[in-house]
Amino acid sequence: MALVLTNFSSASADLMLTFGTSTPNPLVAGQAGILDVFIAASADSQILDGFQVQLELTAIGASPAGGLVFSDPQSDSQLTVGGPSGYVFFGNSLSEMTPAPVGSVSGGGSLYEGYDATFDFVPVTLTTTPRLLYRLNLTGVTAGKYSIDANTFPDPSFFTDQLHPTNTGVAFTSTPIMLTVNAATAVPEASSLLTLGLAGSAMALLRARRRRGSRA
């Protein structure tokens, strides 16, 4: 099945992929997080009846590869988000009606390829108001900095018009986002907490004795 973005207006009009803010921000090693990805028309309205978009996580600088990965499997929770900025195919998703997973994780967690189409093949109209495309589940592994962007290899993201007789492609833009993974905060051992508690009690008693001595 070919899953595509359709475009009935100017071939020069672009689609835009944008990223939200991760939750939590920054992400934390050893913990899970969420990142929303949105799609919108940059100017003129665009007709949308399907998509295939691959995203890639890349380590920045000296950050270790694999320090941030796409959780496998993804929850596909975007399917349940309605409203003006909710999931682009909310209530009419082929993946939800079938049901089938919206996407798959590969590359050791560095690649996520998502795809979906309207169940009845009736397109929706995209405007400049962003609509939810993915709600990505991420797992922090090691502290570092990582970028995420639409990828063109090995399976390119594509936006074409499956209903238009010329099957023309639709240009899109995607600006990478940088995500930070912080090291997990060390939790004191129970023995250390007990020692700190006893020390605090001793200091409180000493201060109380000094106050009594100064009043004598």
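- We find the OG1-CG distance between T58 and L179 to be 11.0 Å, quoted to the nearest 0.5 Å.
- The heavy-atom pair separating L68 from L57 by the smallest distance is O-CD1, 3.4 Å.
- Cluster annotation: F172 and L132 are assigned to distinct hydrophobic clusters (Ile/Leu/Val/Met/Phe/Trp/Tyr, side-chain heavy-atom contacts under 4.5 Å, transitive).
- With no hydrogens or angles considered, no side-chain donor-acceptor pair links T118 and N92 at under 3.5 Å.
- Across all their heavy atoms, A32 and P24 have their closest contact at O-CD, 3.8 Å.
- Of all heavy-atom pairs between P64 and A59, the closest is O-CB, 3.9 Å.
- L27 and L35 fall within a single hydrophobic cluster, where Ile, Leu, Val, Met, Phe, Trp and Tyr are joined by side-chain heavy atoms under 4.5 Å apart, directly or via other members.
- Note: Q54 CD to S106 OG = 6.0 Å, rounded to the nearest 0.5 Å.
- Residue L17 holds its CG atom at 12.5 Å from CD1 of I177, rounded to the nearest 0.5 Å.
- Proximity of a side-chain donor or acceptor of N137 to a complementary backbone N or O of S71 within less than 3.5 Å is not detected.
- To the nearest 0.5 angstrom, D76 atom CG is 12.0 Å from R135 atom CZ.
- Summarising the geometry of G50 relative to F89, their closest heavy-atom pair is N-CZ, 3.5 Å, with the distance given to 0.1 Å.
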What do the steps show when you test D36 against V81 for side chain to side chain contact (heavy atoms under 4.5 Å, CB included), and what is the final call?
-> CA-CA 11 Å; D36 284 345; V81 181; over 6 Å; no
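- The same ILVMFWY cluster, assembled from side-chain heavy atoms under 4.5 Å apart, contains both L79 and V53.
- Closest heavy-atom contact between A184 and V28: CA-CG1, 3.8 Å.
- The aromatic rings of Y112 and F70 are tilted relative to each other, their planes meeting at an angle between 30° and 60°.
- Closest approach of A183 to A143, counting heavy atoms only: N-CB, 3.6 Å.
- Linking ILVMFWY side-chain heavy atoms closer than 4.5 Å, directly or via other members, places F90 and I39 in a single hydrophobic cluster.
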Apply the test side chain to side chain contact (heavy atoms under 4.5 Å, CB included) to residues L136 and Q74: give CA-CA distance (whole Å), side-chain angles for both, the deciding distance (0.1 Å), then the verdict.
-> CA-CA 7 Å; L136 299 170; Q74 293 281 300; 4.0 Å; yes
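- Between the Y115 side chain and the P101 main chain, no donor and acceptor come within less than 3.5 Å of each other.
- Judged purely by atom type and a 3.5 angstrom limit, R131 uses its side chain to pair as donor or acceptor with the backbone of P84.
- Atom CZ of F38 has more than 12 neighbouring heavy atoms from other residues, nucleotides or ligands inside a 6.0 Å radius.
- Residues F19 and V105 are members of one and the same hydrophobic cluster, defined by side-chain heavy-atom contacts under 4.5 angstrom among Ile, Leu, Val, Met, Phe, Trp and Tyr.
- Here the straight-line distance linking atom CG of L133 with atom OH of Y87 works out to 6.5 Å at 0.5 Å rounding.
- Once rounded to the nearest 0.5 Å, the distance linking OG1 of T128 with CE of M16 reads 7.5 Å.
- Between the S75 side chain and the S77 main chain, a donor and an acceptor come within less than 3.5 Å of each other.
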